[in-house]
Every structure is written in structure tokens, then in C-alpha cells.
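Okay, so here's the structure we're looking at.
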Amino acid sequence: MRLSRSLLPTLKETPAEAQIVSHRLMLRAGLVRQTASGIYAWLPAGYRVLDNIARIVRAEQDAAGAQELLMPTIQSADLWRESGRYDGYGKEMLRIQDRHERELLYGPTNEEMITDLFRQSVHSYRALPQIVYHIQWKFRDEVRPRFGVMRGREFLMKDAYSFDIDHEGAVVSYRRMMLAYMRTFQRLGLRAIPMAADTGPIGGDLSHEFIILAPTGESQVFYDAAFEDIDYTSGDFDIRSPDDLARFYAQMTTPYAATDEKHDPERWAKIDPARRREGRGIEVGHIFYFGTKYSRPLNFTVTGAGGQKIHPEMGSYGIGVSRLVAAVIEASHDAAGIIWPDAIAPFRAAILNLKPGDAACDALSETLYARLGNDALYDDREERAGVKFADADLLGHPWQIIIGPRGAASGRVELKRRADGAREEVSLEAALAKILGA
RNA sequence: CGGGGCGUGGCGCAGUCUGGUUAGCGCGCGUGUUUUGGGUACACGAGGCCGCCGGUUCGAAUCCGGCCGCCCCGACCA
């Protein structure tokens with residue numbers, strides 16, 4: 001994108017409503033704008049990040065064998081009456097009426113709907129197991145939205161649903177999703193810790209939440225360094241192998257990990273002090289196994305091998321995609337602005353033309369822009385160098401290619417790495433190699 | 001939902017208590033000069049039914065009533 005023609009409204013001052021650092025930076029960097037309490041528009045740069053995160057989430061879901069589909073945001077109240085949750089869910093659910101006064105709702109989650117879809121079409125044990133997912137906007141009418149997209153009312157969520165013939169199968173699905181989650185978070189550049197959790201309104205008896213570490217996180221977390229020693233993306237665990245998943249699951253659930261509410265100082269004290277890790281965390285995912293909680297009331301059965309009717313065992317698995325944008329910023333920023341991990345940055349590099357109008361600067365900048373294309377944000381504005389530096393730092397591009405009249409005359413540019421501030425003067429080709437190779 | 005607060009050019013704010021010139025300031029925006037590697041400086045300029053509706057008054061951003069929106073603390077939550 002050419003910055004001079006972009007909807008990328010950076011702010012020098014922080015809007016009064018923003019309290020936490022991710023909210024402030026998202027507004028200042030022109031990523032989002034609030035349109036109503038807890039509801040945000042995603043501007044081009046913010047939407048790129050959202051989309052990059054969704055792409056990684058999608059890739060890992062696909063790799064785990066989950067099928068992507070897309071369910072509607074508006075649901076009929078009837079289905080929720082069948083499961084008994086229509087009244088149970090409370091004021092958090094946004095209820096609406098159409099012109100015929102039929103009762104509808106903006107979905108906060110999709111267990112009922114996916115179960116309905118399965119009961120319409122899946123009738124034999126031979127069609128199971130299956131896992132399906134979608135990445136879709138949800139609405140929960142929070143009493144008090146706050147912290148920007150961290151706790152908005154409308155949010156983008158990846159939710160997956162597993163259907164198995166029996167408990168053993170459901171456990172394998174559960175572990176499979178857990179591994180997919182650890183891989184996803186690692187690819188996003190985050191350290192995530194799975195922690196045993198309460199099941200809340202989704203229900204069920206087995207649940208983990210995924211906490212990512214960020215200095216400004218909402219809760220205190222304690223965990224064993226064992227979690228840091230594992231490379232989840234390595235070939236160490238075959239996500240298709242139940243045995244590998246069992247081994248993986250043991251590694252996830254044996255070492256100590258707890259949020260402050262569940263912290264057990266006695267157990268904690270027994271851990272080798274060198275292996276104790278403590279920090280702040282933000283919940284970015286939650287997985288549940290809940291058996292037949294929905295298949296029974298919605299009367300979803302398949303025929304088993306012996307001709308008997310079986311209520312499939314289900315689980316559901318959520319990742320807060322829009323929340324992750326804020327969570328990553330909480331985990332990765334400094335006084336000047338955001339520091340995007342390479343994998344999700346809105347632009348891989350910013351091209352800072354310090355002197356538009358200077359023939360050498362323009363030529364170098366245009367060449368770089370042509371080579372990097374959509375991966376680059378070309379700052380071609382007639383602005384002071386300082387303004388461009390400040391905006392580039394704020395936006396947090398992993399790389400900045402700084403083109404000034406001094407170096408440009410001899411075909412050299414300065415390459416700056418946002419994460420550590422390292423700079424070097426290199427040729428255009430060397431800069432490209434470094435950026436594209438990273 | 002309980003408690004508190006705020007709504008004044010795009011953003012951040014002053015003015016409101018103690019009604020009364022043309023409603024200010026900083027940033028941003030436009031033009032010009034300047035500057036030319038870390039939010040430069042100067043000049044000129046554009047931009048506001050002071051959240052909305054009603055009331056009191058000779059006169060309302062300012063007082064009164066109602067409504068709407070937003071934020072903060074608490075309880076609740078991906």
C-alpha cells in the first residue's frame with residue numbers, strides 16, 4: 001500500500017477511552033475504530049493482522065483434519081429452546097425479532113446449530129469421527145465491554161466441534177485440538193500454557209483454557225518450565241496418531257500450571273525453584289469435552305455397528321481470533337509502539353522514503369515497492385523524517401527500509417529490525433534478501 | 001445490574017459552579033516560507049446548531065427536566 005493513499009489514520013494522542021496498552025496502540029496505529037460500545041470496525045492494517053491470524057488458525061485446523069464450513073450469525077430461538085439454553089443463557093444473548101415477530105438471536109456460539117446440521121445428515125457410526133470448524137463473528141452482550149477488542153461484544157472466533165462415537169474417540173479429538181492449539185499459538189509467536197478450567201455455560205466435564213503470557217495480562221499464572229522446552233511444531237508428535245496424542249497430552253497435563261484462582265502453593269513449593277515460572281496471562285482459547293450434553297436433548301443419534309442408537313460424544317473448541325490481535329500487542333510492544341511477530345504483521349516491511357521528490361530516493365523506493373508489492377507499506381508522504389520513523393515504529397513493521405538522499409545516491413539503504421532496533425546499511429538486493437528470507 | 005464520571009471543530013482539553021462581547025487553547029488539516037535522518041519553526045487560513053428534545057430567562061455551552069451515547073470501579077465473561 002502507498003501510505004499517501006491509505007486509510008491508515010495514526011494518532012499522536014491517545015483517545016480518552018483507551019485504558020490498556022493494546023487498546024491505545026490499536027487506536028493510535030489506526031487498526032480499529034469503535035462504532036458502538038464493544039463493537040469495532042477493522043481498518044485495513046488491522047484487518048490484515050486479523051486475517052493473518054485467521055490464516056494460521058485455519059492452517060492448523062486443516063492440518064488436524066478439521067473441515068471448514070460457515071454457519072450463519074443469526075440463529076432461530078427454536079433450536080436453543082430444544083437444548084434448553086434459550087432461557088439459561090441469560091442477557092448475554094442478543095435476542096432479536098424479524099418482521100413476522102419470529103424470535104431470532106445473534107449467536108454467541110454454535111453447539112445447537114452444528115448438532116442440528118449433523119442430525120440432519122449423519123446417521124451411521126461409520127461417518128464418525130468428524131471435526132468441523134468455522135471462523136465467524138459472534139456476539140455476546142457483555143454487561144460491560146472494555147479494553148477494546150479484548151472484551152468487545154462482537155468478536156471473531158474460531159469455533160470447532162467434534163463428534164465421536166464413544167468416549168475414547170472423543171478424548172482423542174480433544175487432544176488433537178489441544179495439539180493444534182499449541183501449534184497455532186507457537187506459530188503466532190506466543191507462549192501459551194494450557195490450564196485446567198471451569199466449563200462455564202458451555203457445560204461438560206473436561207476443559208482447558210489457553211493462557212498466553214503477556215506482562216499486562218489479567219491474571220497471575222504459575223507454571224513449570226517444562227512447557228517452554230517443547231517445540232510443538234516439530235515432527236515430534238504426529239497429530240493423526242492417538243498414541244502420540246496421548247504422550248503429548250501427558251506432557252501438557254502433568255507439569256504444574258495454574259491461574260491464581262486455582263493456584264496451589266503446596267504443590268508449587270515442591271517444584272524445583274529453577275523450573276518455576278510466573279507471569280501474567282490472557283485467555284485466548286478454550287476447549288471443552290461435554291459428551292452428550294447436546295446430542296441428547298437435540299436427539300442426535302447414529303446407528304452403531306450392532307444396530308443400536310448412539311448419542312455421539314461431542315466437544316467444542318474456541319479461539320478468540322480478534323482478541324488475539326490485542327493479546328499479541330499486550331505481549332509484544334514497547335514505548336514507541338507495536339512490535340509485530342513476523343507471521344502476523346500487517347506488512348512485512350515499511351519503505352520509508354525520507355525525501356520524496358529526490359530522484360535517487362524515489363527510484364530506489366519504487367523499485368523496492370515493486371519487488372515487495374503487497375507485503376510492503378510504502379511511506380511516500382511528504383512528511384518529515386521524524387514523522388515517518390514514529391509512524392513506522394508505532395505500526396510495528398518487522399522491518400523498516402530507510403531510504404535517504406545520502407545512501408540513495410550510492411544505491412544503499414538502511415535496514416532496521418523493529419524488534420531489537422538493529423540497523424545496517426546495505427544494498428537494495430541485500431535488503432530484499434534479508435526481508436524475503438526472514 | 002449497583003456505584004461514579006463524561007459528552008464543546010478530526011484528536012486531547014479549557015470555559016459550565018458565579019447565565020451576558022465575535023466560544024478558546026494544543027495537536028491535526030490547507031496554503032506559503034523554512035527545515036531536510038527521529039513527531040521542525042513561523043505566518044496566514046478552513047473547520048463548531050457546545051450530544052438530542054423541551055423548559056426558565058430580555059439573553060443559555062452555562063440554570064432546570066427528560067432522553068440518548070460513551071467511559072471508569074465492582075459483580076460477570078472467549
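Chain letters run A, B, ... following the sequence lines, proteins first, then strands; residues in each count from 1.
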- Item | With A:F139 via ring pair (Phe, Tyr, Trp, His ring centres under 6.0 Å) - residues at least two apart | A:Y106

- Should the ring pair A:F118 and A:F163 be called parallel, tilted or perpendicular, given that the plane angle runs from 0 to 90° and is split at 30 and 60? parallel

- Note on the structure: CG (A:L368) and CG (A:L428) are apart, to the nearest 0.5 Å, by 4.0 Å

- Once you apply the 3.5 Å cut-off to both distances, tell me the Watson-Crick or G-U wobble partner of B:G37, or none. none

- When you measure from every atom of RNA chain B, which of residues 420-431 of chain A have a heavy atom less than 4.0 Å away? A:R423

- Query: Which residues, if any, of residues 4-15 of chain A bring a heavy atom under 4.0 Å of RNA chain B?
  - Reply: A:K12, A:E13, A:T14, A:P15

- Message: Taking OH in A:Y47 as the centre, count heavy atoms belonging to other residues, nucleotides or ligands within less than 6.0 Å. Is the count above 12?
- Response: no

- Message: Say we look at B:C64 and B:C73: how far apart would their P atoms be, to the nearest angstrom?
- Response: 28 Å

- Task: Measure the acute angle between the ring planes of A:W268 and A:H263, then classify it against the limits of 30° and 60° as parallel, tilted or perpendicular.
- Result: perpendicular

- Message: Tell me which residues in residues 383-390 of chain A lie within less than 4.0 Å of RNA chain B, going by non-hydrogen atoms.
- Response: A:E383, A:R384, A:A385, A:G386, A:V387, A:F389, A:A390

- Message: Between A:I402 and A:P145, which residue's closest nucleotide on RNA chain B lies nearer the 5′ terminus?
- Response: A:I402

- Query: Is there a Watson-Crick or G-U wobble partner for B:A23 with both distances under 3.5 Å, and if so, which one is it?
  - Reply: none

- Item | Watson-Crick or G-U wobble partner of B:G69, both distances under 3.5 Å | B:C6

- Message: Both A:V143 and A:V284 contact RNA chain B. Which one's nearest nucleotide lies toward the 5' end?
- Response: A:V143

- Message: So for A:R151 and B:C77, does any side-chain atom that can act as donor or acceptor lie under 3.5 Å from a complementary atom in the base?
- Response: yes

- Query: When you measure from every atom of RNA chain B, which of residues 28-36 of chain A have a heavy atom less than 4.0 Å away?
  - Reply: A:R28, A:Q34, A:A36

Only distances under 3.5 Å count here; give the side-chain donor-acceptor pairs of residues 181-189 of chain A to other protein atoms, sequence neighbours excluded, each with its distance to 0.1 Å.
unit_1: A:Y181; atom_1: OH; unit_2: A:K158; atom_2: NZ; d: 2.7
unit_1: A:Y181; atom_1: OH; unit_2: A:Y317; atom_2: O; d: 3.1
unit_1: A:Y181; atom_1: OH; unit_2: A:G318; atom_2: N; d: 3.0
unit_1: A:Y181; atom_1: OH; unit_2: A:G318; atom_2: O; d: 3.2
unit_1: A:R183; atom_1: NE; unit_2: A:Y232; atom_2: O; d: 2.8
unit_1: A:R183; atom_1: NH2; unit_2: A:F237; atom_2: O; d: 2.7
unit_1: A:T184; atom_1: OG1; unit_2: A:A180; atom_2: O; d: 2.7
unit_1: A:Q186; atom_1: OE1; unit_2: A:Y232; atom_2: N; d: 2.9
unit_1: A:Q186; atom_1: NE2; unit_2: A:D231; atom_2: OD1; d: 2.7
unit_1: A:Q186; atom_1: NE2; unit_2: A:T233; atom_2: OG1; d: 3.4
unit_1: A:R187; atom_1: NH1; unit_2: A:E60; atom_2: OE2; d: 2.9

- Query: Phosphate oxygens OP1/OP2 of B:A78: is one of them under 4.0 Å from a side-chain N or O of A:T109?
  - Reply: no

- Task: Once you apply the 3.5 Å cut-off to both distances, tell me the Watson-Crick or G-U wobble partner of B:G74, or none.
- Result: B:C1

- Task: Run through A:D62, A:D159, A:N110 and flag the one making a side-chain hydrogen bond (donor to acceptor under 3.5 Å, both in side chains) with A:Y133.
- Result: A:D62

- Task: For B:A75, take OP1 and OP2 only and decide whether either is under 4.0 Å from a side-chain N or O of A:R144.
- Result: no

- Message: Checking base pairs now: Watson-Crick or wobble, both atom distances under 3.5 Å. What partners B:A43?
- Response: B:U31

- Query: Do we get A:R2 above A:Y378's six-membered ring, with its NZ or CZ under 6.0 Å from the centre and within 45° of the axis?
  - Reply: no

- B:G24 versus B:A61 - spacing of their C1' atoms, nearest Å: 12 Å

